Amino acid sequence: MKKILVIHGPNLNLLGEREPGVYGTDTFESINNEIIAHAVKYGFNCEVFQSNHEGEIIDTLHLARKKYDGVILNAGAYTHYSYAIRDAIAAIKIPVIEVHLSNIHARDEFRNKSVIAPVCKGQISGFGKYSYLMAVDALYYNWKESDVNE
Ligand code: DQA
């Protein structure tokens with residue numbers, strides 16, 4: 001059974017009350033329940049972690065490399081400037097899917113740049129909570145494709 005870890009970065013614990021016009025009104029808890037339910041449809045085991053601290057996100061990526069088969073990461077604002085998180089992703093072999101609820105390319109200029117994108121398997125941005133569900137799909141198809149190629 002594939003094991004996936006969803007990592008939410010800073011301020012995402014406030015989903016539901018944080019800038020609802022941008023991020024929607026679904027709560028952090030309900031979004032996590034939807035992600036887990038979607039992962040279960042593929043037979044994946046799915047766990048969720050959230051931190052407002054860069055170092056904790058890095059530590060969790062390091063731990064994930066031995067415990068999980070793939071990671072779904074919304075690094076929040078760290079996306080745009082954390083070379084340390086970028087290096088942590090580059091250091092591990094499991095696929096990391098970058099996720100954003102909002103379309104980071106259609107917002108403030110500083111959000112247009114993702115320093116983690118080049119070391120992630122791919123990026124899903126702009127579909128609200130469905131970005132996370134699509135990232136679960138992405139991992140499924142990624143693994144399906146690699147089975148075919150093996
Ligand atoms: C975000 C986009 C980031 O620019 C922002 O700092 C966030 C959330 C998103 O999910 O749309 O915290 O990653």
Side-chain angles (χ1 to χ4, degrees), residues 2-42 44-65 67-143:
K2 296 282 192 195
K3 289 186 75 178
I4 65 179
L5 179 65
V6 180
I7 303 177
H8 301 277
N11 303 306
L12 292 161
N13 52 309
L14 296 184
L15 282 175
E17 61 174 280
R18 173 194 182 199
E19 299 184 79
V22 179
Y23 300 115
T25 51
D26 287 308
T27 63
F28 180 64
E29 197 190 352
S30 74
I31 291 173
N32 287 328
N33 288 338
E34 284 196 56
I35 300 167
I36 291 166
H38 192 61
V40 164
K41 287 186 220 156
Y42 286 117
F44 297 158
N45 177 291
C46 178
E47 287 171 21
V48 176
F49 173 80
Q50 190 275 332
S51 176
N52 295 318
H53 306 278
E54 188 178 25
E56 278 184 11
I57 294 168
I58 293 165
D59 289 343
T60 302
L61 286 163
H62 292 178
L63 290 173
R65 82 190 200 282
K67 272 187 72 184
Y68 297 90
D69 300 293
V71 167
I72 294 169
L73 171 64
N74 185 346
Y78 286 136
T79 302
H80 313 301
Y81 66 93
S82 176
Y83 298 121
I85 291 178
R86 176 198 165 115
D87 285 352
I89 298 166
I92 64 175
K93 291 193 180 79
I94 58 171
V96 177
I97 312 288
E98 177 184 354
V99 159
H100 303 283
L101 296 123
S102 64
N103 179 353
I104 60 168
H105 304 285
R107 299 183 61 199
D108 321 78
E109 205 182 332
F110 76 88
R111 294 182 206 277
N112 297 168
K113 171 96 184 152
S114 166
V115 300
I116 67 171
V119 291
C120 287
K121 189 80 197 172
Q123 181 193 74
I124 301 167
S125 176
F127 298 96
K129 65 180 177 181
Y130 298 108
S131 291
Y132 291 99
L133 306 192
M134 292 160 112
V136 174
D137 297 340
L139 284 172
Y140 170 78
Y141 287 113
N142 176 62
W143 287 321

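What you see is a predicted model, and the numbers here were worked out from it, not measured in a lab. Both counts, for ligands and for their atoms, begin at 1 and track the order of listing.
When atom types are taken as modelled, the side chain of Ser131 and the backbone of His100 share a donor-acceptor pair closer than 3.5 angstrom. Side chain of Asn74 to backbone of Gly9: no donor-acceptor contact under 3.5 angstrom is found. A donor-acceptor pair under 3.5 Å is absent between the side-chain atoms of Arg65 and the main chain of Ile92, judged by distance alone.
Protein heavy atom in closest approach to atom 9 (C) of ligand 1: Leu101 N, 3.4 Å. Atom 1 (C) of ligand 1 has its closest protein heavy atom at His100 ND1, 3.7 Å. Nearest protein neighbour of atom 8 (C) of ligand 1, counting heavy atoms only, is Tyr23 OH, 3.5 Å. The protein heavy-atom contact nearest to atom 12 (O) of ligand 1 is Arg18 NH2, 3.0 Å. Among protein heavy atoms, atom 5 (C) of ligand 1 sits closest to Arg111 NH1, 3.3 Å.
Ring centers of Tyr42 and Trp143: at least 6.0 Å apart, outside the cut-off. Remark: aromatic rings of Tyr140 and His38 are distant, center separation not under 6.0 Å.
For ligand 1, none of its N or O atoms has an N or O atom of Leu12 under 3.5 Å away.
Of all heavy-atom pairs between Ser51 and Glu56, the closest is OG-OE1, 2.7 Å.
Ligand-side atoms of ligand 1 in range of His80: 3 (C), 4 (O), range being under 4.0 angstrom from any heavy atom. Heavy-atom proximity to Ser102, at under 4.0 Å, picks out these atoms of ligand 1: 2 (C), 9 (C), 11 (O).
Using a non-hydrogen distance threshold of 4.0 Å, Asn74 registers as a contact of ligand 1.
Judged purely by distance below 3.5 Å, without hydrogens or angles, the side chains of Glu47 and Tyr68 pair a donor atom with an acceptor atom.
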